[in-house]
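For the single chain, residues carry numbers from 1 onward in sequence order.
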Amino acid sequence: MATQQRPFHLVVFGASGFTGQFVTEEVAREQMSPERSSRLPWAVAGRSREKLQRVLERAAMKLGRPTLSSEVGIIICDITNPASLDEMAKQATVVLNCVGPYRFYGEPVVKACVENGTSCIDICGEPQFLELMYWKYHEKAAEKGAYIIGSSGFDSIPADLGVIYTRNKMNGTLTAVESFLTIHSGPEGLCTHDGTWKSAVYGFGDQSNLKKLRNESNLKPVPIVGPKLKRRWPISYCRELNSYSIPFLGADVSVVKRTQRYLHENLEQSPVQYAAYVTVGGVTSVIKLMFAGLFFLFFVKFGIGRQLLIKFPWLFSFGYFSKQGPTQKQIDASSFTLTFFGQGYSQGFGPDKNKPNIRICTQVKGPEAGYVATPIAMVQAAITLLTDTSDLPKAAGRIGSQLCTNLWDLRRGFIISKIRKMDKSKRSHD
């Protein structure tokens with residue numbers, strides 16, 4: 001990627017949005033790192049100069065860096081104005097796109113970046129958008145030498161890296177992995193900004209088109225090694241974690257499967273089956289969740305129902321989502337643990353007439369998922385694109401989260417140590 005000809009190495013698009021302001025802070029924090037020998041020129045982008053200026057002022061105050069506002073460029077552009085997006089893309093080497101829901105606002109940014117040979121990173125957790133962009137823009141992005149990397153936040157770097165880490169730590173062949181996400185909160189509880197809620201509402205309301213897209217892709221099935229991984233019931237009990245769990249409905253499964261396909265087809269690695277779940281606690285939590293789930297599944301089927309879900313997120317989510325988002329105290333007190341249970345075959349054994357004879361457990365731990373871990377992961381993905389170009393996949397394009405494998409190989413010690421020593425995973429065999 002040619003960085004010398006462009007004024008900014010990084011541009012945070014949507015910097016004045018709820019998540020964008022945290023990404024802006026993280027870029028500024030990364031620039032202050034004692035490990036960085038020189039600072040990268042960067043800018044924030046959005047519709048309002050005044051709002052962008054306020055975001056920089058807040059970041060400057062929070063980080064104790066009063067000169068920050070004068071050190072960062074400001075680009076005015078609008079998602080509804082393609083010409084302004086082109087101008088933004090022409091000025092950047094990498095765009096960090098924080099404007100969602102991506103199903104409505106993501107494609108114009110991808111299009112502008114691809115056409116101008118600019119790499120783009122998003123934090124999308126919407127499988128339909130991720131997969132559609134691959135089919136529409138992969139070849140053109142490869143032609144232009146641009147890397148378009150989706151799901152580079154909590155969705156889905158911890159899951160993708162976790163599966164790869166588990167495979168690397170297994171003394172044999174890993175064939176299947178189940179992950180269980182546990183969210184920890186402080187005395188004030190959990191809360192997430194309603195932008196994530198909107199993405200979920202629209203995603204569930206349009207599942208038929210995702211199925212249609214996958215059917216039309218006509219991909220060759222990835223071979224199953226060992227016994228087929230059985231799906232758990234919608235509500236199941238995990239004895240190892242002493243907790244009930246439900247399927248995790250984010251992008252993790254879609255992203256991990258695409259990475260495993262890439263590793264199998266391009267690097268001839270044995271593919272790993274994968275399923276994702278989230279723990280919900282005890283019986284009381286299960287009952288509460290059942291009522292919330294029934295309301296959600298009923299209302300999401302109808303246009304007016306979706307409008308109600310979006311208008312009153314706090315009510316229909318039992319307080320877990322709100323238009324205001326979490327407080328700083330809630331963010332500071334929150335963290336996550338992602339536990340992976342894998343099975344496979346030890347060296348010298350194979351799937352032919354043999355049952356898996358080895359198990360492994362690893363964990364990825366990190367701070368609050370949406371507004372601490374996500375900005376760290378997103379910014380480190382961008383730094384990888386800028387500084388480790390010789391080790392990136394040779395064919396650019398929308399390669400899903402295959403960048404995650406490079407993040408692991410190239411920046412494991414740096415990224416993961418920043419997210420509360422995520423590489424200090426624990427392992428057990430039986």
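Environment of CZ in Phe296: crowded, with over 12 heavy atoms of neighbouring residues, nucleotides or ligands closer than 6.0 Å. Annotation for Lys301: atom NZ does not count as buried by contact number, only 12 or fewer foreign heavy atoms lying within 6.0 Å. The local environment of CZ in Arg47 is sparse, with at most 12 non-hydrogen atoms from other residues, nucleotides or ligands closer than 6.0 Å.
Closest of all the heavy-atom pairs between Trp135 and Leu213 is CD1-CD1, 4.1 Å. In this structure, Ala251 and Glu126 approach most closely via the heavy-atom pair CB-N, 4.4 Å. Minimum heavy-atom separation, Ala92 to Val11: CB-CG2, 3.5 Å. In this structure, Tyr345 and Pro227 approach most closely via the heavy-atom pair OH-CD, 3.5 Å. When all heavy atoms of Gly344 and Thr175 are compared, the closest pair comes out as CA-OG1, 3.7 Å. Between Ala159 and Phe340, the shortest heavy-atom distance links the atoms O-CE2, 3.8 Å.
Proximity of a side-chain donor or acceptor of Arg359 to a complementary backbone N or O of Gln343 within less than 3.5 Å is not detected. The backbone N or O of Ala112 sits less than 3.5 Å from a side-chain atom of Asn116, completing a donor-acceptor pair. With hydrogens and angles disregarded, a donor-acceptor distance shorter than 3.5 Å links the side chain of Asp122 to the backbone of Ser151. Listed for the Arg6 side chain is a donor-acceptor partner under 3.5 Å among the backbone atoms of Ala89. Side chain of Ser243 to main chain of Gly281: a donor-acceptor pair is present (N/O by atom type, distance under 3.5 Å, no hydrogens or angles). With hydrogens and angles disregarded, a donor-acceptor distance shorter than 3.5 Å links the side chain of Arg306 to the backbone of Val300. When atom types are taken as modelled, the side chain of Glu368 and the backbone of Gly370 share a donor-acceptor pair closer than 3.5 angstrom. With hydrogens and angles ignored, the 3.5 Å screen pairs a side-chain donor or acceptor of Tyr277 with a backbone N or O of Arg232. A donor-acceptor pair under 3.5 Å is absent between the side-chain atoms of Ser322 and the main chain of Pro313, judged by distance alone. Between the side chain of Ser285 and the backbone N or O of Val280, at least one donor-acceptor pair lies under 3.5 Å.
The residue from Phe336, Tyr371, Phe22 that alone fulfils the ring pair (Phe, Tyr, Trp, His ring centres under 6.0 Å) condition with Phe154 is Phe336. Each of Leu386, Ile383, Thr387, Leu385 was checked for a side chain to side chain contact (heavy atoms under 4.5 Å, CB included) with His9, and the lone residue meeting it is Leu386.
Ring orientation note: the planes of Phe312 and Phe316 are tilted relative to one another, at an angle of 30° to 60°.
In this view, Glu265 and Arg261 satisfy the salt bridge (charged side-chain N to carboxylate O under 4.0 Å, His left out) rule, not counting sequence neighbours.
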Query - Evaluation steps, side-chain contact (heavy atoms from CB on, under 4.5 Å), between Gln273 and Ile224 - result: CA-CA 7 Å; Gln273 303 173 71; Ile224 295 175; 3.3 Å; yes

Do Ile310 and Tyr202 pass the side-chain contact (heavy atoms from CB on, under 4.5 Å) test, and can you show the C-alpha distance, the side-chain angles, and the key distance before you say yes or no? CA-CA 9 Å; Ile310 290 169; Tyr202 290 122; 3.0 Å; yes

Discussion item. Show, in sequence, the C-alpha distance, side-chain angles and deciding distance for Asn357 and Ser346, and conclude whether the side chain to side chain donor-acceptor pair (under 3.5 Å) test is met.
Written reply: CA-CA 7 Å; Asn357 67 338; Ser346 58; 2.9 Å; yes

| request: For side chain to side chain donor-acceptor pair (under 3.5 Å), just list the numbers for Thr337 and His184, CA-CA rounded to whole Å, side-chain angles, deciding distance to a tenth of an Å, and then say yes or no. | output: CA-CA 8 Å; Thr337 299; His184 313 284; 2.9 Å; yes

Report the C-alpha distance between Tyr320 and Thr192 in whole Å, list the side-chain angles of each, state the deciding distance to 0.1 Å, and finish with yes or no for side-chain contact (heavy atoms from CB on, under 4.5 Å). CA-CA 6 Å; Tyr320 288 118; Thr192 303; over 6 Å; no

Exercise. Passes side-chain contact (heavy atoms from CB on, under 4.5 Å), Val255 versus Asp155? Steps please.
Worked result: CA-CA 9 Å; Val255 170; Asp155 280 349; over 6 Å; no

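By the 4.5 Å heavy-atom criterion applied to side chains, Lys257 and Gln260 are not counted as neighbours. In this structure the side chain of Ile331 reaches within 4.5 angstrom of the side chain of Val372, judged on heavy atoms. A heavy-atom distance below 4.5 Å is not found between the side chains of Ser334 and Ile183. Contact check for Tyr165 versus Pro158: no side-chain heavy atoms found under the 4.5 Å cut-off. Considering only heavy atoms from C-beta on, Ile358 comes within 4.5 Å of Met170 through its side chain. No side-chain heavy atom of Val27 sits less than 4.5 Å from a side-chain heavy atom of Val72. Looking only at side-chain heavy atoms (C-beta outward), Pro41 and Pro7 stay at 4.5 Å or farther from each other. Cys120 is listed as a side-chain neighbour of Val109, based on a closest heavy-atom distance under 4.5 Å.
Residues Tyr237 and Tyr244 bring their aromatic ring centres within 6.0 Å.
Annotation: the span from Leu85 atom CG to Cys77 atom SG amounts to 5.5 Å, rounded to 0.5 Å. Separation of atoms CG (Leu263) and CZ (Arg167) is listed at 6.0 Å; rounding is to 0.5 Å. Taken from CG in Leu219 to CZ in Arg214, the straight-line distance is 10.5 Å, to the nearest 0.5 Å. Lys230 NZ to Lys228 NZ: the interatomic distance, rounded to the nearest 0.5 Å, is 11.0 Å. In this structure, Leu338 CG and Asp252 CG are separated by 7.0 Å, a value rounded to the nearest 0.5 Å. Taken to the nearest 0.5 Å, the CD1 atom of Ile76 stands 12.0 Å off from the CG atom of Asn81.
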Between side-chain atoms of residues 97-108 and protein atoms elsewhere (two or more places apart, or another chain), which donor-acceptor pairs fall under 3.5 Å?
from: Asn97; atom 1: OD1; to: Val99; atom 2: N; distance (Å): 3.1
from: Tyr102; atom 1: OH; to: Asn97; atom 2: O; distance (Å): 2.6
from: Tyr102; atom 1: OH; to: Ile123; atom 2: N; distance (Å): 3.4
from: Arg103; atom 1: NH1; to: Asp206; atom 2: OD2; distance (Å): 3.3
from: Arg103; atom 1: NH2; to: Gln128; atom 2: OE1; distance (Å): 3.3
from: Glu107; atom 1: OE2; to: Lys136; atom 2: NZ; distance (Å): 2.6
from: Glu107; atom 1: OE2; to: Tyr137; atom 2: OH; distance (Å): 2.7

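By the 4.0 Å N-to-carboxylate-O rule, Arg29 lies close enough to Glu26 to be salt-bridged with it.
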